[in-house]
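In what follows, chains carry the letters A, B, and so on, assigned in the order in which the sequence lines appear, proteins first and then strands, with residues in each chain numbered from 1.
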Amino acid sequence: MAQRPPVSDWSTDFDHTDRRWIENPFVIWDDLRQHCPVAQTERFGGVYLPTRYSDVRAIAYDTNNFSSRRPVIRENPPTVGLPSPPITSDPPHHKPARMLLLPAFTPQAIARLVPRTQRICNELIDAIVGAPTCDAATAYTQHIPVRVIAYMLGIPEEEGDRFRRWIHVFLEDTIVDDDNTAADRLLATAAEMDDFFRPYAQARRADPGDDLISFLVQARHEGQPLTERHLFGALRLILIAGIDTTWSAIGASLWHLANTPADRARLVADPGLIPTAVEEFLRAYAPVTMARQVVNDIEVGGCPMKAGRLVLLPFPAANRDPAVFRDADKVLIDRQDNRHAAFGLGIHRCIGSNLARLEITVALEEWLKRIPEFRLDEKRAVSWSRGPVRGPRSLPFVLGA
Amino acid sequence: MREKGTLRLSIDSARCQGHNRCCALAPELFDADELGFAHVKGSGLVPAALEEKALLATRNCPEYAVRAKRE
């Protein structure tokens, strides 16, 4: 399937890899929510798309009828599964796999990373400040989560380029398949990741430290040490789910501020408002859209769903539902009531949400302190990623007043 | 005008998924356990000065797990 035909009708033939969706999915979702709140497509093996908060929430909560075994929709998925517990797990296996990771991601555990995150941000800003222009996506936002995760894992931060290459294969490259190589490339990348982590796991088993790999090799799952498959699956999850997501959220926040001088000036003058603004950026530009597989024939929002088909769960569309959020289409950086679903709802709540919030908040605080004046460079284009994680992959800025 | 009665907070632990919005917005009233799930501190009775924070926490819980009731 070399060419995907253009979308004829977003309600019956949507394509989440279409250029128009990548550029601006919000207008598509807003229109569907009003006219056809659960869209569908025969592409990708058959997929449903709820756009109302209530339907997204109902599906996220209904783990009996919706499985997480395929959390990313691919044109040609590999025939062997790549389990990454707990994100690919359903009850009853989900809970023990999740419980063993939770202690590493509590607010208390994550708060210890503040000084390191501040230092990482400032080292990056050192190389930007004073220049007339920069690409904030490649010079700043992409490095922050990579370095924080590398630090948590106890792996040299210089391995970041390798991490980003792997993640690009998983989340962007192989979700479509123009030449029938996607499944092979995905499996080869997973094997490369296992080979990379194997010596680290061996070393930490022999001589554990206080890093996340040591934590995992010492962890017990139902009384036993993790199998190699479980260990590497969990490490793959931490890398893949912890990097592009936060990169996207920081980038979208800076993109908004570059576009909205009044909000930028307000946060520079009142940094105490940044945590509130971060929640609004998470609501309005939630990066992550996960997927589920229908287990039993069921109806959601008036739409019959057939077992075996997939469902896209666009948390960012739920976050723009005017039935739940007043002025849902406006970005209000002082919004007080903000029950957004950027980190998902129900048992699969993003395990790294405390870490993501910390990174986004520190990244904005440090940037605004040292680069209070910036705007989009109109001569160069902003580009957005394709796939389950949406964020700016280039952010050409003009710096200074 | 202040409503009558004291506000009492509770967390529906079957709903809490550990988003930690309540702990972040009202650390005087909520705490997280060793897995990151939230609980109310003490009896859950809210001093008048913290009522606004308590209500903010209820209105920001993505799982609708934080409850406030007047007694």
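Proximity of a side-chain donor or acceptor of B:Arg15 to a complementary backbone N or O of B:Glu63 within less than 3.5 Å is detected. Within the 3.5 Å criterion, the main-chain N or O of A:Ala284 finds no donor-acceptor partner in the side chain of A:Asn319. Listed for the A:Arg390 side chain is no donor-acceptor partner under 3.5 Å among the backbone atoms of A:Thr289.
Residue A:Asn354 touches chain B through its side chain alone, counting heavy-atom pairs closer than 4.5 Å. Heavy atoms of A:Ile347 lying under 4.5 Å from chain B belong to its backbone as well as its side chain. Neither the backbone nor the side chain of A:Phe105 comes within contact range of chain B; no heavy atoms are under 4.5 Å apart. Residue contact with chain A, scored on non-hydrogen atoms closer than 4.5 Å, involves the side chain of B:Phe37 exclusively. Of the two parts of B:Gln17, the backbone and the side chain both hold a non-hydrogen atom closer than 4.5 Å to a non-hydrogen atom of chain A. Using a 4.5 Å cut-off between heavy atoms, B:Leu35 touches chain A through backbone and side chain atoms alike.
Around CZ of A:Arg220, the count of heavy atoms belonging to other residues, nucleotides or ligands within 6.0 Å exceeds 12. Atom CG of A:Asp210 is surrounded by 12 or fewer heavy atoms from other residues, nucleotides or ligands within 6.0 Å. Counting heavy-atom neighbours within 6.0 Å of B:Glu52 CD, excluding the residue itself, gives a total of 12 or less. In this structure, B:Lys69 places its NZ atom where only 12 or fewer heavy-atom neighbours from other residues, nucleotides or ligands lie under 6.0 Å away.
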Worksheet entry | Check against side-chain hydrogen bond (donor to acceptor under 3.5 Å, both in side chains), A:His256 and A:Asp263 | CA-CA 8 Å; A:His256 173 88; A:Asp263 286 351; 2.7 Å; yes
Item to complete: Would you sort out whether A:Glu280 and A:Asn338 count as a side chain to side chain contact (heavy atoms under 4.5 Å, CB included), showing the intermediate values?
Response: CA-CA 7 Å; A:Glu280 178 66 345; A:Asn338 200 346; 3.3 Å; yes
Worksheet item: Does the pair A:Asp90 and A:Ser67 meet the rule for a side-chain hydrogen bond (donor to acceptor under 3.5 Å, both in side chains), with working shown?
Response: CA-CA 6 Å; A:Asp90 295 313; A:Ser67 168; 2.5 Å; yes
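Residue pairs meeting the side-chain hydrogen bond (donor to acceptor under 3.5 Å, both in side chains) criterion with at least one partner in residues 98-116 of chain A, sequence neighbours excluded, are A:Arg116-A:Glu157.
Partners of A:His340 by ring-ring contact (aromatic ring centres under 6.0 Å, His included), not counting sequence neighbours: none found.
Of residues 50-57 of chain A, those residues lying under 4.5 Å from chain B by any heavy-atom pair are A:Tyr53, A:Arg57. Residues of residues 19-30 of chain B placed with any heavy atom under 4.5 Å of a heavy atom in chain A are listed by number as B:His19, B:Asn20, B:Arg21.
Of the listed residues (B:Ala32, B:Gly18, B:Gly36, B:Cys16), the greatest number of heavy-atom pairs within a distance under 4.5 Å of chain A belongs to B:Gly18. Among A:Pro107, A:Ala341, A:Gly346, the residue making the largest number of heavy-atom pairs under 4.5 Å with chain B is A:Gly346.
Each of A:Ile351, A:Ile213, A:Leu216 was scored for a side chain to side chain contact (heavy atoms under 4.5 Å, CB included) with A:Ile238, with one residue passing: A:Leu216.
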